[in-house]
Amino acid sequence: MLRQEGNKLYRRNDKELLLIEPWGKNSLRIRATQRHEFISDDNSALLLPESSDAKIAIRGKQAEITNGKITCIVTDTGVLRFTNQKGELLLEEYDRTRDMYEGSDKFASALEIVPRTFQPRSGADNYKLTYRLEANPGEKLYGMGQYQQPYLDVKGCVIELAQRNSQASVPFVLSNKGYGVLWNNPAIGHVTFGKNVTEWVAESTKQLDYWITAGDTPAEIEEAYADATGKVPMMPEYGMGFWQCKLRYQTQDEILEVAREYHRRGIPVNVIVVDFFHWPHQGDWKFDLDYWPDPAAMVRELKEMGMELMVSVWPTVDGESENYEEMRELGYLTRSEYGKRLGQLGDACIIDVTHPDGRKYVWDKIKKNYYDLGIKIFWLDEAEPEFTGYEFEHYRYYLGADMEVGNLFPKYYARMAYEGMEAEGQTNIVNLLRCAWAGSQKYGALVWSGDIDSSFRALRNQLAAGLNMGISGIPWWTTDIGGFHGGNIYDEAFKECFVRWFAFGAFCPVMRLHGFREPFKEPLGTTGGGKHISGAENEIWSYGDRVYEICRKYIELREAMRPYIRELMAAAHEKGTPLMRPLFYDYPEDEKVWEIEDQYMFGPDLLVAPILYEGLRERQVYLPKGQWVNINDGTEYEGGQIIKGAAPYEAIPVYVKAGSAVAKAIEAVPGFGKA
C-alpha cells in the first residue's frame with residue numbers, strides 16, 4: 001500500500017516499511033525496515049534539510065516522487081528506479097524475481113533475488129542487510145573515503161566498510177553518470193562495485209538508509225553532499241603553512257631547540273608537534289613534568305616564534321592511569337563482550353566517545369592540562385580506534401555494538417574536542433585525526449592517511465586516497481611526508497622518495513612532515529614519558545644540503561601561495577569544495593580527464609603531476625584547454641594536448657594557469673618561474 005504524508009512517500013508491503021522523502025536540493029533520502037518503525041536520527045550523517053516541495057504522484061501500485069532534478073519511480077513490485085530531469089536512468093535496484101515490475105526490460109527470473117534483503121540476526125532486533133543495485137556499463141565511481149590502494153576509480157573494487165589504521169570508511173560515492181550516493185549507515189560491512197551488480201552489506205543494522213542526489217557536474221553533486229552533511233570551518237592561518245613533526249621529540253628542550261633552529265634559519269613553521277607518550281600514563285592526558293617541566297613557558301616561546309604547538313591525545317586509558325578507576329565506575333570505557341577490558345590496546349583500554357558524559361569528562365582533562373596552557377590544536381590519534389586485530393564483534397559502545405555503530409567512533413572523537421573548544425569561544429577549529437566518517441568535516445577534522453610505509457608504492461596509494469577523500473566530503477587531508485614506517489635518513493634511495501613526497505606535500509591541503517625515521521634513538525628512562533624510543537632526526541636539514549635546499553624551496557613556495565590557499569580554504573568552508581581534486585572536477589566536459597588518475601588539480605589554477613616512481617626524470621602530462629605555464633622554468637603551453645614534463649631531482653612538474661594571481665606569486669619565489 002502506498003500513501004503520501006506531506007512531502008513523504010510511504011509504502012507498506014507485508015513486513016517491509018519503505019519511506020522516500022526530499023532531503024535537500026535535487027536529493028532524496030530512502031529508508032526501509034522490517035521493524036514496526038524507523039530508528040531515530042542519532043547515528044545519521046545527514047543534517048536536517050530545508051523544506052522542499054516534492055511532487056508526488058500515486059497511480060495504483062506505482063508512484064513517483066520528484067525533487068528538483070531527481071525522480072524516484074516506485075514500481076508495482078516496490079523496485080526503485082532513479083532518473084534525472086532529462087528522464088535519463090541514473091540508478092535502479094537489482095531485481096531477479098518471477099514478479100518483476102511492469103515495463104521492465106529484463107526477463108522474469110527463477111533466481112528469486114530481491115533488491116532489499118533483511119536477514120535476521122538470531123536473538124536480536126537487528127538484521128544483516130544486503131542491498132543490490134544494477135551495475136551500469138562504462139560507469140566510473142569515486143570517493144568512499146581512504147583506502148590503501150592506487151585506484152581512483154573504485155568501479156570493480158570490493159571495499160570494506162570499517163575503520164582501520166590508514167583506512168577511513170566515508171561511504172559517499174560519486175558517479176560520472178551524474179549522481180552521488182551516501183550510504184547513511186555506520187555498521188561494519190562492505191560494498192562490491194561489481195561488473196554484474198553493486199551490493200552494499202551492513203552486517204548488523206535495523207534499517208536501510210541512504211541519500212541520493214543528482215547534478216549536472218561533479219561540483220554540483222559535491223556541493224549538495226556538503227549541504228547535506230556539513231562543511232569544514234574556515235582553516236586558521238596557522239593551518240595553511242608548514243607543519244614540523246616526528247616520532248618523537250623526547251623532551252621540552254629538544255623540541256624548543258628544533259624550533260629555534262628553524263627560526264634562526266628564517267624558515268617559517270606554523271605548527272610544531274609533541275607526539276605520543278609525553279605523559280606519565282596513557283589516559284592521564286597531561287605532560288610528564290620530568291621531561292616537560294614548564295609546558296606553559298614552552299607554548300609561549302613557540303608562539304613568539306610564530307608557531308602553534310599541537311599535542312598528541314590518545315583515547316587509551318592504562319590501568320595505572322589516575323583516571324582509570326573513576327572512568328570504569330562511571331561507564332566511560334569501551335566494553336569487551338567477553339573477558340577483561342584491559343588489553344584492548346596493549347595494557348590499555350579505549351574511552352567510549354559515543355557517551356556524551358564520557359566525552360565531557362575527557363575534554364575537561366584536556367582543557368585543564370593542555371588547553372588552559374595555550375594549546376589550541378590537538379592531534380586526536382588512534383581515531384579508528386586500533387583494537388587488537390580489529391575484532392569488531394568483540395566490542396560495545398554506549399550507542400550500541402561495534403558491529404552496528406562502530407564506524408561512528410572517529411566522528412564522535414572529533415566532536416569531543418570540537419565542542420569543548422567551541423564552548424571556550426574558539427573559532428576556526430582544526431584538529432588532526434587518523435580517521436573519519438561522513439560528517440566528520442563539520443567538527444574540524446583534518447584527516448591524515450595513517451601509519452603508511454616510506455616507499456614510492458605507498459606514495460602512489462596516497463594520491464588516490466587524498467583525491468577520493470576530497471570527493472568523500474573531507475577536504476582537509478594530509479599525509480606523513482616521507483611516509484611513517486621506515487626511511488633511513490642516510491639512505492640515498494629513501495632521500496629520493498622523500499624529496500618527491502615533500503614536493504607533493506606542498507600541494508596538499510595541509511603540508512605536514514612526520515615519520516618514524518631510522519636509525520632509532522634509545523629511551524631516556526624507564527618510566528612515564530622517558531620509556532619509549534624515538535626515531536632519528538626528521539628536520540629538513542637532517543637529509544643533507546641537497547635535500548635541504550629542495551625542502552626550503554617548497555616551503556617558500558607554500559608561503560607564496562598562501563593567498564591562493566586561503567581562497568581554496570574559503571571555498572571548502574563555504575561550498576564543501578575539495579582543495580585537491582581529480583581533473584574531472586574542473587573539466588567534466590573533457591572526456592580524456594576521466595581516464596587520468598596520476599594528475600590532479602590543486603584548486604582551479606594549479607595542475608600537479610607528482611612523481612610516483614623512483615628514478616623518473618620526466619613524465620607525460622595532459623593539459624586541459626587553456627594556457628598553462630610550467631612553474632619550474634616559465635615555459636608556456638597551449639592546453640588540450642599531452643606534453644613531456646621534465647622532472648629533475650629538484651622539482652616535480654606543476655603547471656599554473658597563465659595570468660592567474662597565483663602564477664604571479666610563484667614567479668617571485670627563487671627557483672621557480674625561470675626560463
Side-chain angles (χ1 to χ4, degrees), residues 165-166 242-259 261-262 269 271-282 285 287-288 291-292 298 302 307-316 345-346 348 370 375 377-386 431-435 446-455 458-459 462 478-491 494-495 497-498 501-502 505 510-525 528-543 547 551:
N165 185 341
S166 77
F242 174 61
W243 299 26
Q244 171 62 45
C245 184
K246 64 165 280 188
L247 189 156
R248 46 190 281 276
Y249 294 119
Q250 294 172 291
T251 68
Q252 178 175 325
D253 287 342
E254 182 185 6
I255 197 170
L256 282 174
E257 185 48 43
V258 167
E261 182 61 23
Y262 271 110
V269 173
V271 177
I272 195 165
V273 185
V274 174
D275 202 345
F276 70 172
F277 289 96
H278 61 267
W279 45 68
H281 301 97
Q282 295 182 74
W285 297 298
F287 286 101
D288 183 339
Y291 301 94
W292 307 85
M298 172 177 59
L302 290 171
M307 303 180 198
E308 291 291 326
L309 181 66
M310 181 168 72
V311 171
S312 174
V313 171
W314 276 38
T316 48
L345 187 70
Y370 297 128
I375 297 166
I377 178 172
F378 295 98
W379 181 358
L380 305 178
D381 208 340
E382 284 289 322
E384 303 82 24
E386 194 173 10
N431 291 308
L432 182 68
L433 287 97
R434 202 171 67 184
C435 202
L446 160 63
V447 183
W448 101 96
S449 58
D451 295 348
I452 53 177
D453 64 288
S454 298
S455 68
L459 176 56
Q462 302 331 296
T478 186
T479 67
D480 293 348
I481 289 178
F484 178 75
H485 285 296
N488 190 302
I489 64 174
Y490 303 109
D491 178 21
F494 173 64
K495 290 181 183 181
C497 180
F498 179 84
W501 209 316
F502 203 92
V510 165
M511 184 184 189
R512 171 178 159 273
L513 175 58
H514 186 51
F516 191 16
R517 300 288 174 253
E518 300 172 3
F520 300 143
K521 292 184 174 182
E522 293 300 316
L524 298 178
K531 66 182 180 181
H532 291 276
I533 65 173
S534 169
E537 288 78 5
N538 193 42
E539 294 70 51
I540 64 171
W541 54 80
S542 306
Y543 299 88
V547 173
C551 294

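Computed from a predicted model, the values in this text were never measured in an experiment. Computed over heavy atoms, backbone and side chain alike; hydrogens, waters and symmetry mates excluded.
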*Using only heavy-atom distances, determine whether the side chains of Ser449 and Gln462 contain a donor-acceptor pair under 3.5 Å.*
yes
_Quick check against the 3.5 Å criterion: does Lys246 have a side-chain atom that pairs as donor or acceptor with the backbone of Arg517?_
no
*Looking at Gly530 and Pro523, what are the two nearest heavy atoms and their distance?*
O-CB, 3.4 Å
*Reported CD1-to-CG distance for the pair Ile481 and Leu513, which is rounded to 0.5 angstrom*: 6.0 Å
*Less than 4.5 Å apart, any side-chain heavy atom of Leu256 and any of Leu302?*
yes
*To the nearest 0.5 Å, tell me how far Met307 CE sits from Trp243 CH2.*
14.5 Å
*Closest contact, heavy atoms only, Gly486 versus Ser454*: O-OG, 3.0 Å
*Could you pull out all residues at least two apart from Thr478 that satisfy side-chain contact (heavy atoms from CB on, under 4.5 Å)?*
Leu432, Leu446, Trp448, Val510, Arg512
*Closest non-hydrogen atom pair, Ile255 against Met298*: CG2-SD, 3.7 Å
*Asn165 side chain to Asp451 main-chain N or O, any donor-acceptor pair under 3.5 Å?*
yes
*With sequence neighbours excluded, what pairs up with Phe276 under the side-chain contact (heavy atoms from CB on, under 4.5 Å) test?*
Leu247, Arg248, Trp279, Ser312, Trp314
*Could I get the full list of salt bridge (Lys or Arg N to Asp or Glu O under 4.0 Å) partners for Glu308, not counting sequence neighbours?*
Lys303
_Listed partners of Phe287 passing ring-ring contact (aromatic ring centres under 6.0 Å, His included), at least two apart_ = His278, Trp292, Tyr370
*Relative to each other, are the rings of Tyr543 and Phe498 parallel, tilted or perpendicular (30° and 60° limits)?*
parallel
*Can you tell if the side chain of Arg434 reaches within under 4.5 Å of the side chain of Glu386, non-hydrogen atoms only?*
yes
*Could you pull out all residues at least two apart from Asp288 that satisfy side-chain contact (heavy atoms from CB on, under 4.5 Å)?*
Pro280, Asp290, Tyr291
*side-chain contact (heavy atoms from CB on, under 4.5 Å) against Asn488, all qualifying residues, sequence neighbours excluded*: Tyr490, Asp491, Glu518, Pro519
*Can you see which heavy atom on Asp480 is nearest to which on Gly450, and at what distance?*
OD2-O, 3.7 Å
*Student check: side-chain heavy atoms of Val274 and Tyr249 closer than 4.5 Å*: no
*To the nearest 0.5 Å, how far apart are CG in Leu380 and CZ in Phe378?*
8.5 Å
*Are the side chain of Asp275 and the backbone of Cys245 linked by a donor-acceptor contact shorter than 3.5 Å?*
no
*Can you name the nearest heavy-atom pair linking Ala458 to Asp453, along with the distance?*
CB-O, 3.1 Å
*So, do Trp501 and Thr479 sit near enough that their side-chain heavy atoms are less than 4.5 Å apart?*
yes
_Could you measure the distance from the CE atom of Met511 to the CD atom of Gln244? Nearest 0.5 Å is fine._
10.5 Å
*Between Lys521 and Glu537, is the closest basic N to carboxylate O distance under 4.0 Å?*
yes
*Over all atoms of both residues, closest heavy-atom pair of Thr316 and Trp285*: O-CZ2, 4.1 Å
*To the nearest 0.5 Å, what is the distance between CZ (Phe516) and CD1 (Ile533)?*
3.5 Å
